[in-house]
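Just below is one structure, and these are the notes that go with it.
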Amino acid sequence: MWNTIRTLTNKNSKTTNITEIHVENGHSVTEPKQIADAFNTFFINIGTQLADALPVTNITPESFITPANSSFEIHTVSIEKGFNLLYTIKVSKATGHDKISPKLLKDS
């Protein structure tokens, strides 16, 4: 479907084909498997390399946080309020983060 839409709207594909990369030792890599392996090696090692480059410090992450004098409380919801909310659910809407369909909630 998207290919047809892109064709009809004259939108070009955003795909980029990589035919050659230069690796650390100065060599060029052109075979698809070697390119994939070079990317894999890079992303396996980059986190450790970046972490090793960070300076040693005695500053804790908590020192960057400003304490707040606030609280969080979950209020009790009555059964009636729950039923009223379920009754007003629009079954044509998409599922939420819980992946439960509105129709299933309402039917239940």
For atom CG of N58, decide whether the heavy atoms of other residues, nucleotides or ligands shown that lie under 6.0 angstrom number more than 12.
-> no

To the nearest 0.5 Å, tell me how far [X] [atom1] sits from [Y] [atom2].
X    : Y   : atom1 : atom2 : answer
N84  : I79 : CG    : CD1   : 12.0 Å
F64  : I59 : CZ    : CD1   : 5.0 Å
F42  : I21 : CZ    : CD1   : 10.0 Å
I44  : N40 : CD1   : CG    : 4.0 Å
K106 : I89 : NZ    : CD1   : 7.5 Å

Search all heavy atoms of [X] against all heavy atoms of [Y] and return the closest pair with its distance.
X    : Y    : value
G82  : V77  : N-CG1, 4.1 Å
S101 : T95  : CA-CG2, 3.5 Å
I100 : L104 : CG2-CD2, 4.0 Å
P102 : A94  : CG-O, 3.7 Å
I35  : I18  : CD1-O, 3.7 Å

Say whether E20 and T30, considering side chains only, have a donor N or O and an acceptor N or O under 3.5 Å apart.
->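 The criterion, which ignores hydrogens and geometry beyond distance, is not satisfied for T30 and E20.
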
Indicate yes or no: at least one non-hydrogen side-chain atom of D52 is less than 4.5 angstrom from one of Q49.
->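 No, their side chains stay 4.5 Å or more apart.
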
